[in-house]
Amino acid sequence: MVLRLRMAEAKTWKNMLNSLSALVDEVCITADEEGLKVKAMDPSHVSMVDFEWSRSAFDEYEVDKPTTIGLNIKEVLKLLRRISGESMELSFDESTGRLEMKLIGRYTRRFTVSTLQLTGEEIPPLRVEFDVSAKVTSSCLERTVVDAATVSDILKFKATEDVFVMEASGELGEVTVELDRTSEALLDLQVRQPSEASYSLTFLEDIVKSASDLAGTVSVEFSTDKPLKLNFDVLQGKLIYYIAPYVE
Amino acid sequence: MLFKKLVDVFEKVEATTKRLEMTDILVSLLKETPHDIIDKVVYLSLGEIYPPFIGLELGLAEKLAVKALALATGVKEKLILEELKKTGDLGQTGENILSRRKARPSLFREELTVERVYSTLEKICKASGKGAQELKIRYLAGLLANAEPKEAKYLLRIAQGRLRLGIADMTILDALAIAFCGSKEYRDVIERAYNLSSDIGLVARTVAEGGLEAVKRFRITIGRPIKPQLAERLSTIEEILEKMGGECYAEYKYDGLRIQAHVSPEKVYLFSRRQENLTEQFPDVVEAVREAVKAKEAILDGECVPVDPHTGELLPFQVVAHRRGRKYDVEKMVEEVPVVYFVFDLLYVDGEDLTLKPYTERRERLSGVVTETSRVKLAEYIVSGDAAEIEKFFHKAVQEGAEGLLCKSPKSLYEAGKRGWAWIKWKRSYRSEMVDTVDLVVVGAFAGKGKRAGTYGALLMAAYNHEDDTFETVCKLGSGFTDEELARLPEMFKPYLRDTPHPRVKTIMKADFWFTPAVVLEVIGDEITLSPMHTCGMNAIRPGSGLAIRFPRLVRFRSDKGPEDATTVKEIVEMYNRQLKKVE
């Protein structure tokens, strides 16, 4: 069994793990000929992530058979806290169950971590039709979410023919962000029928904070009282989050 | 196996008050349960996740469980708390809320299985460190989001460590006997396995997979506590000797923490009377046991007692009680409350099960395996059939800080988990509380050890016998001094030093230094007890016994008083009689 990956910037790997750590502490990463894949649900089953990083994102990608690696992301991220401009080589030794991260910069650092035996949950495909699809800049979404979280736990998404609205209200006050077709932050809006739905800001906040750096734009898709899909436009792969609706 | 099935059983068990019916319900549950998860089913039925000695318990704070319920249902915490006020039980609250609310903020719904419930509860148990609370909430919410109303009720109760179905361990053992051995009469065999391992899940799995034969082969394992043998109680030595068949081991009954120590080449484990793991809280005992035990593997039974490091005297139990349940400041406690582990039994040594050997033999083997050190000692005992001799020993024990005596039948085997007449405790039926201070004369001193090397560890104190114009000893005083006072003592007593006891001093004790009676100290104690070791009021209450002060402490120096102004023997005898009360 061979599993060896090389990337010009170690930071890429850190960002990948960051985008997962929003929802889970432990993940099963599958490596096959197409790239790295993760499907994971947070423990409360309120949200999930569907993540793929295609082989073309790596400078070298050598995997001779599909392999799963269980990782405690928090622990790995602790090790990666002090990286800067280095390149990285990842290799996995199936017999010892250890993952090596070799950081190559002005000198070489070698981190080896134990992997976990995880029984990955079977996650059925989510079949939902979305009536609204709004493409916005990640920074707009991130700012809105952070602002909204200061007044409430819940963020409501609303869309009519020409307007996409995000609003939150609580005892302290209200936050409303209204985007129409003239707004720079709204790149595209498709509405099959007017819809509105609310979602937990706890999850939204964790997600946008760790994913916004990875993509400039994100598609926000939802239907009335149905799950939310956040599809971040990452370059070489996909990064999609789902959040279950909050129903009053 | 679906969790729903287990919940149906819980419902039935809750609805019955008859133990036999409860047993029947459990028998059919156990028969239907796949063998590889029978341990989990048994733990869950008892509202637990692991046997007690693992030291991991559920017990999610109500506040967090409410948050989980809110997250799982999308119902505001405030509304949940209002409902909770009405029902008074979060389980019921959860059931009510879920049956009113069908929509859940969950991406998927799937029926809960016992396996998933158990492994998720395990994760809740084990989550620790930063972010652990949030993680626990999310795991529980994940279960609740998939739960039917009734399932939610029990999930919430289990998560809070409050299932309380009223299923006793013994009921489970009965049910195991009927389900896998065909009859309740095999309960004893299964119970023995349970008493030897304290792990009901392991026993269930053993009997389910291997039947009666496998349980019969059950062995003691280092690291799994044996349930301790317990003692009955009688109030006179005559009755005790009669039960014992004329002769018995009479041991000090130390007032401390019962601890079972397991020694293996890799590790030492300490377990409480209720099989909690105390290893982390008593690193000093772990070290001391390692040092004292000569065998490769051994299981010892004994009592951990707080001891004054300066005088070597026993201290009241409350002092050691502070040390259990401690997670922080363990190091500090080791220093402040040093303990001595008094061992009295050897249950297992190098592959040999001694629980089936008589006490005489176990006691003998014990002294071969344990080398006494300053921190591990063999419990004081005599073997006797003479009531007067044992009674004298009893008073000595009490005066030295023990609770009384534990009398053991020489031929008895170690009956794990049983309370029987093979061990009988004899505690005081009367005690005389000390309410006033007394003024006592210093007549001698004992050399100090450890920190007190070079000065005195304790002073020998006496009361004044006005009739005879003598001084009669009443206690050893080592507590209540400041470090400065202690350091000054040798200098202070230099003028009064002599080689032998002063002719006016009546003493049985042998001190290291003797003084001319001159210095008076004010002293308070917990109570006045009978003692064969002190001469104060000798024979006044009981032949062969004087009176002594238990747990004495210095109040202040009385330089204004001369030795003849000290509290008289007559006054102490009166104090004893006045305060004498029956002990319940």
Side-chain angles (χ1 to χ4, degrees), chain A residues 21-26 39-50 72-75 77-78 116-128 152-155 170-171 197-206 222 224-230 240-248, chain B residues 60 64-80 97-98 100-113 115-147 152 155 159:
Chain A
S21 74
L23 301 188
V24 285
D25 290 347
E26 296 173 349
K39 244 189 189 186
M41 237 190 302
D42 90 279
S44 64
H45 290 201
V46 173
S47 62
M48 81 173 240
V49 57
D50 185 357
N72 183 329
I73 309 187
K74 267 194 187 164
E75 295 303 318
L77 280 174
K78 268 187 207 162
L116 311 168
Q117 293 285 348
L118 296 176
T119 40
E121 265 181 291
E122 273 300 312
I123 299 173
L126 194 66
R127 291 185 214 288
V128 192
S152 178
D153 302 332
I154 303 297
L155 182 62
E171 282 164 21
S198 300
Y199 304 96
S200 155
L201 273 164
T202 318
F203 290 90
L204 279 167
E205 217 182 345
D206 287 347
F222 63 95
T224 298
D225 292 343
K226 291 275 156 49
L228 172 76
K229 178 179 177 185
L230 294 175
I240 299 172
Y241 296 91
Y242 296 93
I243 305 179
Y246 177 85
V247 186
E248 280 290 340
Chain B
L60 203 60
L64 301 186
V66 167
K67 281 187 195 294
L69 187 57
L71 182 58
T73 56
V75 173
K76 293 217 158 59
E77 274 179 54
K78 221 179 91 192
L79 295 173
I80 295 175
I97 284 174
L98 259 69
R100 284 205 296 269
R101 188 179 173 83
K102 298 290 173 233
R104 311 273 174 81
S106 175
L107 289 171
F108 303 102
R109 288 292 296 276
E110 54 185 2
E111 275 192 294
L112 291 175
T113 60
E115 289 86 343
R116 171 156 173 228
V117 166
Y118 186 87
S119 72
T120 309
L121 290 172
E122 267 192 304
K123 287 177 187 161
I124 295 176
C125 250
K126 285 180 177 164
S128 68
K130 201 174 144 247
Q133 288 203 344
E134 187 57 35
L135 199 59
K136 287 177 189 224
I137 293 172
R138 289 196 181 181
Y139 276 126
L140 181 57
L143 291 179
L144 292 171
N146 289 295
L155 280 173

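Atoms considered below: every heavy atom in the structure, side chains included; atoms not considered: hydrogens, waters and symmetry mates. Residue numbers begin at 1 in each chain, while the letters A, B, ... track the order of the sequences.
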Structural part of Lys74(A) lying under 4.5 Å from a heavy atom of chain B: side chain
Gly74(B) to Tyr246(A) - nearest heavy-atom pair and separation: O-OH, 2.8 Å
Which residues share a side chain to side chain contact (heavy atoms under 4.5 Å, CB included) with Val24(A), sequence neighbours left out: Val27(A), Ala40(A), Ile73(A)
Neighbour count above 12 (heavy atom, 6.0 Å) for Lys67(B) NZ: no
Presence of salt bridge, Arg138(B) and Asp206(A), under 4.0 angstrom: yes
Nearest heavy atoms of Ala145(B) and Ser44(A), plus distance in Å: CB-O, 4.4 Å
Contacting region of Asp153(A) [heavy-atom separation from chain B under 4.5 Å]: neither
Counterpart residues, side chain to side chain contact (heavy atoms under 4.5 Å, CB included), relative to Ser119(B) (two or more places apart): Glu122(B)
Interatomic distance, Ile137(B) atom CD1 to Thr202(A) atom OG1 [nearest 0.5 angstrom]: 10.0 Å
